[in-house]
K.L.:
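What follows is a structure written as structure tokens; I'll ask about it next.
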Number of protein chains: 2
Amino acid sequence: MTTATARRTPADKHDERRRALADSALRTLGELGYARASLREIANNSEFSHGVVHYYFQDKLDLIVYCVRQYKATCVHRYDGVVAEASTPVGLVEAFADKLVETIVDEAPMHRLWYDLRSQSMFEESLREAVLQIDQTLEDMIWRVISTYAGLAGKEPAMTPHVAYGLLDGLFQQALLGHLCRREGVLDDLRAQVVELMPVLLAP
Amino acid sequence: MTTATARRTPADKHDERRRALADSALRTLGELGYARASLREIANNSEFSHGVVHYYFQDKLDLIVYCVRQYKATCVHRYDGVVAEASTPVGLVEAFADKLVETIVDEAPMHRLWYDLRSQSMFEESLREAVLQIDQTLEDMIWRVISTYAGLAGKEPAMTPHVAYGLLDGLFQQALLGHLCRREGVLDDLRAQVVELMPVLLAP
DNA sequence: GAGTTCTCTGGACAACCGTCAAGATTTTCC
DNA sequence: GGAAAATCTTGACGGTTGTCCAGAGAACTC
């Protein structure tokens, strides 16, 4: 009770603990993937013991889904700055492409985890609700970029948000795999690809 | 030795056995995914016992990689007919879009397995070589469609094979997930999306 | 048809998994 | 400060996994 930050209720503390545990789990999940990250390994890479997981989460799937949702929350506003600070169409596109590249460099483990989970949801029905929600959020995020870009260019988007997201996601996924394989030039390629693709997404 | 087909060497028979085992394994893998398909489950869904796997394959990963390569071989010529029979640009595009939809309907388990394995290769380095090879083969397959399409239309492709494949793969993956979630209209959407996208892939 | 090689079975193994619960430890509250 | 509630540790459990192996069975050679 010595600091001003100690004014939290027990429920808040409980949530805070869940977040901390999920944070540790995300690191391990990003390193090992969904299948090979055991609860013991997750706990080992954290300050907790392996039994505490079932105090804060019902089971492994509950933990995973919570982790994924938490990751979504930190991820969804990554391009807000790009949108806010852009003043020209070309400037927006280049800042966006740079940010995509930066994302791959800085957060490759998190994103391979995301693709892992999305693939798992094709088999595991209980993952689908969370995955579809996150996918929708990412689509919205991309759409904020594209509609802003269209506004700056004085044109209309030529595609639905869903299609635009699907196209960009395809390129991003390809670049992520290439980056993890330490292929030369994939990041520059991605930047160039995005700069070239974005005008195509607008109606002439 | 009563039939004409019995003229195989022991080595051939060994390979044939490997193929049969891999065939069974592919079915189970398509149903359960890479992580949850155990060797026992794979053997149970086949005519073999679980011990025989290590007679024909070094370990689980060896089996998986062999399966993936075998799947590639059956998959890589799926669109050859479309390319061969097309006589007009629009006809090619529509036949191609139809075939993509048919692929999702008929072979959803195989394709979710493919995306599962590609995601796993982001974590497991030993999978990458096979995955990159297959990805390249699929890219070549797509490129045969697109370059034929460009020829029929009397234009030039506006993108590299890599980019074109990335874009289409993004849409395909999205549609596959939607199909597995039993979303209404995803297949019709995919068809329309492809028909709309293909002209964009050509230079004006 | 005996002997050799190939093929396959089924059980055993050590390791690991998710889950749980009993009890130790800490925190909270009066 | 002591009771009550919360948080956490530790060890155990039943089950599953990949792998290995001794030996049964089949196929082939001479």
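Keep in mind the model is a prediction, meaning the values are calculated, not measured. Note: hydrogens, waters and symmetry copies are ignored here, and every other heavy atom, side chains too, is used.
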K.L.:
Between the base of D/dT17 and the side chain of B/R36, is one N or O donor paired with an acceptor at under 3.5 angstrom?
P.N.:
no
K.L.:
Contact class for B/R17 vs. all strands (heavy atom < 4.0 Å): base, sugar-phosphate, or nothing?
P.N.:
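Sugar-phosphate contact only.
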K.L.:
Please work out whether the ring planes of A/Y56 and A/H14 are parallel, tilted or perpendicular, with thresholds of 30° and 60°.
P.N.:
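The rings of A/Y56 and A/H14 sit tilted, inter-plane angle from 30° to 60°.
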K.L.:
Are the side chain of B/R128 and the backbone of B/S121 linked by a donor-acceptor contact shorter than 3.5 Å?
P.N.:
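Yes, the answer is positive, given that a donor and an acceptor are paired below the 3.5 Å cut-off.
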K.L.:
Among D/dA12, D/dC20, D/dG18, which nucleotide sits nearest the side chain of A/R40?
P.N.:
D/dA12
K.L.:
Quick one: B/I42 CD1 to D/dT19 C1', roughly how many Å, whole number?
P.N.:
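Going from B/I42 (CD1) to D/dT19 (C1'), I get 14 Å.
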K.L.:
Side chain of A/Y56 only, please: which of C/dG18, D/dT19, D/dC8 is the nearest?
P.N.:
D/dC8
K.L.:
Please report the distance, rounded to the nearest Å, between NE2 in B/H50 and P in C/dT7.
P.N.:
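In whole Å, C/dT7 P lies 19 Å from B/H50 NE2.
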K.L.:
OP1 or OP2 of D/dC8 less than 4.0 angstrom from a side-chain nitrogen or oxygen of A/Y55, does that happen here?
P.N.:
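Negative; the distance criterion is not met.
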K.L.:
Side chains of B/Y165 and B/W143, heavy atoms from C-beta outward: is any pair under 4.5 Å?
P.N.:
no
K.L.:
Of the listed nucleotides (D/dG18, C/dT7, C/dT9), which one gets closest to any side-chain atom of B/H14?
P.N.:
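Comparing D/dG18, C/dT7, C/dT9 against the side chain of B/H14, the answer is C/dT7.
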K.L.:
Would you kindly say whether B/R69 and B/Q133 are connected by a side-chain donor-acceptor distance under 3.5 Å?
P.N.:
yes
K.L.:
Please report the distance, rounded to the nearest Å, between NE2 in A/H54 and P in C/dC20.
P.N.:
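In whole Å, C/dC20 P lies 6 Å from A/H54 NE2.
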K.L.:
At less than 4.0 Å, is any side-chain N or O atom of B/S38 found next to OP1 or OP2 of D/dT16? Yes or no.
P.N.:
no
K.L.:
For B/D12 and C/dT7, give me the distance from atom CG to atom P, rounded to whole Å.
P.N.:
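After rounding, the reported distance stands at 12 Å.
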K.L.:
Is the ring pair A/Y71/A/H111 parallel, tilted or perpendicular, if the boundaries are 30 and 60 degrees?
P.N.:
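Plane angle over 60°, so perpendicular.
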K.L.:
Provide, to the nearest angstrom, the distance between the CG atom belonging to A/L39 and the C1' atom belonging to C/dC17.
P.N.:
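Checked: the CG to C1' distance equals 9 Å.
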K.L.:
If you check every side-chain atom of B/V52, which of C/dG11, C/dC8, C/dG18 has the closest atom?
P.N.:
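So the nucleotide nearest the side chain must be C/dC8.
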K.L.:
From the set D/dG18, C/dT19, C/dC8, return the single nucleotide nearest to any side-chain atom of B/S49.
P.N.:
C/dC8
K.L.:
Send over the distance from A/K60 NZ to C/dG18 P, rounded to a whole Å.
P.N.:
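Distance, rounded to whole Å: 4 Å.
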K.L.:
When the distance from CD of B/E47 to C1' of D/dA26 is rounded to whole Å, what number comes out?
P.N.:
15 Å
K.L.:
Could you check how far CG of B/L32 sits from P of D/dT17, rounded to whole Å?
P.N.:
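It works out to 10 Å between those atoms.
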